[in-house]
Amino acid sequence: MKKSGGAADKKRVRRSSGAVPNGTRDLNSDTPRRKQAAKKDVFQLFAEKVRDHKGLVSRWAVLQETRVEYFRGKDFVGFLKNHPEIKDILESNKNLEVEEIVDTLLSKKLLVRCDRVVKTVRPGKKKLSTWPAHLEIFPDQVFSENDSFFAWTFVKQRPLWQTLLSLSWPVLTLAICLFPVYPHGCKLLILYSCAGLLLLIFSLLSLRATVFGALYIILGKRVWLFPNILAEEATLGELFRLWPNKDEEERPKWTTRLFYALLAVLVILLLRHHAPDEAARARYQKRMSNIIDDVLEWSPSLALSGMMEKQPTVVNATEPNDFTDSGPTDSEKVPPAGDETILEQHEDEEIENIEDAADQHQHQDHI
């Protein structure tokens with residue numbers, strides 16, 4: 001029994017001694033792997049750096065019902081030629097050619113090659129759109145410089161200011177809901193600011209439409225001032241760009257321009273004929289001013305005082321009611337005419353005078 005026990009102990013010692021070097025070798029071999037796993041891929045860093053760079057022109061399109069950001073192959077080649085220092089992020093792979101870099105990004109699923117959905121020239125166009133709005137996945141996922149599009153597949157990291165802006169939306173919503181309890185001066189400031197902003201927007205849109213219509217009818221040119229002002233995805237510089245790109249469409253025929261000119265004249269005459277008179281404008285202005293005054297002059301104290309006045313008076317049924325037989329009740333009494341009634345009568349008289357003057361003017365025009 002002792003011999004067998006000693007042999008078993010020797011086997012255990014041998015196994016343990018043989019396991020130690022193997023364990024140390026495994027730990028040492030796993031250390032670089034852990035470091036590599038913890039270290040971010042250089043191609044991922046390169047893709048993020050290129051996507052955030054303003055030198056690479058990109059647009060947004062719809063790919064399989066998903067909005068993606070994409071660029072053209074020839075723009076990527078020109079970008080790396082103009083900014084060769086950005087290839088230093090690739091470290092040992094910085095000497096790779098453009099085609100090899102893009103193929104590596106495609107193999108790592110950081111990019112996907114796309115193709116335009118509409119491959120035929122639309123009527124009235126001379127060539128295909130430079131930046132198509134709808135894309136589809138190209139079968140061969142390899143780099144090509146000619147008429148090729150590449151879309152980013154990873155989610156772009158949001159900057160800090162966008163995160164803070166998204167957190168401010170609930171605060172802005174709460175501030176809008178609390179507008180009725182603001183002071184009177186603050187209400188006036190918000191009202192005039194919003195009215196001025198709306199006036200600026202409508203004036204800009206009207207100016208764009210007027211310039212486009214005049215140049216289209218007279219010269220046959222399609223010119224939209226601020227061409228990206230209604231774009232869904234545009235940078236701040238592109239949004240306020242004044243002059244549009246070169247018109248690539250064919251010049252319209254003179255018959256088409258004449259038709260739109262006659263249509264514009266007809267619309268103007270109809271609007272002029274059905275325009276409201278002075279009395280209608282005065283009534284509408286009075287109605288709108290009353291609504292705005294009710295909103296501006298409302299306050300919680302006035303609302304609470306009005307609610308207290310509207311509450312009925314509670315009368316004890318056991319006490320004698322001395323004033324029921326003595327005369328008319330408060331509900332039967334006619335309240336005296338106040339200042340508000342006199343002002344309303346005065347305004348009605350002014351409106352009637354304006355209507356009479358308008359009728360006389362129309363009668364003279366018919367004569």
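This is a predicted model, so every value here is computed, not measured.
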Q: Say whether, by atom type as modelled, one donor and one acceptor occur between the side chain of T153 and the main chain of K109 under 3.5 angstrom.
A: yes
Q) Quick one: does H53's side chain have a donor or acceptor within less than 3.5 Å of a partner on K49's backbone? A) no
Q. Are Y284 and I292 linked, directly or through other ILVMFWY residues, by side chains that come within less than 4.5 angstrom of each other?
A. no
Q: List in chain and number order the residues that pass side-chain contact (heavy atoms from CB on, under 4.5 Å) with K81, two or more places apart in sequence or in another chain; answer none if no residue qualifies.
A: V77
**Q.** Residue list, salt bridge (Lys or Arg N to Asp or Glu O under 4.0 Å) with R241, at least two apart or on another chain
**A.** none
Q) Which residues satisfy the salt bridge (Lys or Arg N to Asp or Glu O under 4.0 Å) test with D75, sequence neighbours excluded? A) R72
Aromatic contact, [X] with [Y] (centres under 6.0 Å):
X    : Y    : result
W60  : Y70  : no
W152 : F154 : yes
F143 : F150 : yes

Q. Given a cutoff of under 4.5 Å between side-chain heavy atoms of I, L, V, M, F, W and Y, with clusters grown through shared members, what are the other residues clustered with V62?
A. none
N/O donor-acceptor pairs under 3.5 Å from side chains in residues 111-119, not counting sequence neighbours:
| residue | atom | partner | partner atom | Å |
| --- | --- | --- | --- | --- |
| R113 | NH1 | V142 | O | 3.0 |
| R116 | NH1 | S129 | O | 2.9 |
| R116 | NH2 | S129 | O | 3.2 |
| R116 | NH2 | D147 | OD1 | 3.2 |
| K119 | NZ | R116 | O | 2.8 |
| K119 | NZ | E136 | OE2 | 2.7 |

Q: Can you run down the side chain to side chain donor-acceptor pair (under 3.5 Å) pairs that involve residues 176-203, sequence neighbours left out, and say none if there aren't any?
A: none
(Q) Strictly below 4.0 Å, N to O, side chains only: are R51 and E48 in salt-bridge contact? (A) no
Q. Looking at side-chain heavy atoms only, is the closest gap between S144 and E99 below 4.5 Å?
A. no
